[in-house]
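Everything numeric here is computed off the predicted structure, so don't read it as measured data.
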Amino acid sequence: MTDSKTDPKVERAERLKAALRQNLRRRKAQGRGRAEASPAPDADQSCAREPDGSGPDSDKSGL
């Protein structure tokens with residue numbers, strides 16, 4: 001039987017677990033940064049567009 005410290009599958013699994021933990025920490029920190037930096041939801045109207053009838057939801061009855 002092989003030693004668990006030299007088994008490539010075990011070593012790979014340990015590296016993967018460590019990478020996933022680090023990734024989760026980084027994503028949580030990024031999420032906290034976005035929550036702190038973003039203005040109130042009512043204040044941001046930059047992505048709201050006035051409907052002009054040319055979008056994908058426009059009335060197609062004129063065809």
Side-chain angles (χ1 to χ4, degrees):
M1 195 168 200
T2 61
D3 186 12
S4 65
K5 292 191 180 207
T6 59
D7 187 2
K9 289 184 180 180
V10 173
E11 289 178 12
R12 184 174 186 268
E14 291 298 321
R15 286 195 312 268
L16 180 60
K17 284 197 307 191
L20 289 172
R21 279 193 302 268
Q22 185 179 10
N23 189 8
L24 181 62
R25 284 189 200 117
R26 187 180 73 244
R27 290 181 60 149
K28 282 184 175 181
Q30 286 175 346
R32 283 191 300 265
R34 284 191 197 106
E36 292 171 2
S38 66
D42 297 330
D44 185 20
Q45 297 295 324
S46 63
C47 63
R49 291 190 319 136
E50 291 286 326
D52 59 358
S54 65
D57 295 330
S58 64
D59 185 17
K60 303 286 193 244
S61 62
L63 293 176

Grouping ILVMFWY residues whenever side-chain heavy atoms fall under 4.5 Å, the cluster of Leu20 otherwise contains Leu16

Lys28 meets the salt bridge (Lys or Arg N to Asp or Glu O under 4.0 Å) criterion, sequence neighbours left out, with none

Notebook entry, point to check: Got more than 12 heavy atoms from elsewhere within 6.0 Å of CD, Gln30?
Noted result: yes

Residues passing the side-chain hydrogen bond (donor to acceptor under 3.5 Å, both in side chains) test with Arg26, sequence neighbours excluded, are Asn23

Sorted by chain and number, sequence neighbours left out, side-chain contact (heavy atoms from CB on, under 4.5 Å) with Arg12 holds for Arg15

Contacts of Arg25 meeting side-chain contact (heavy atoms from CB on, under 4.5 Å) (sequence neighbours excluded), chain-then-number -> Arg21

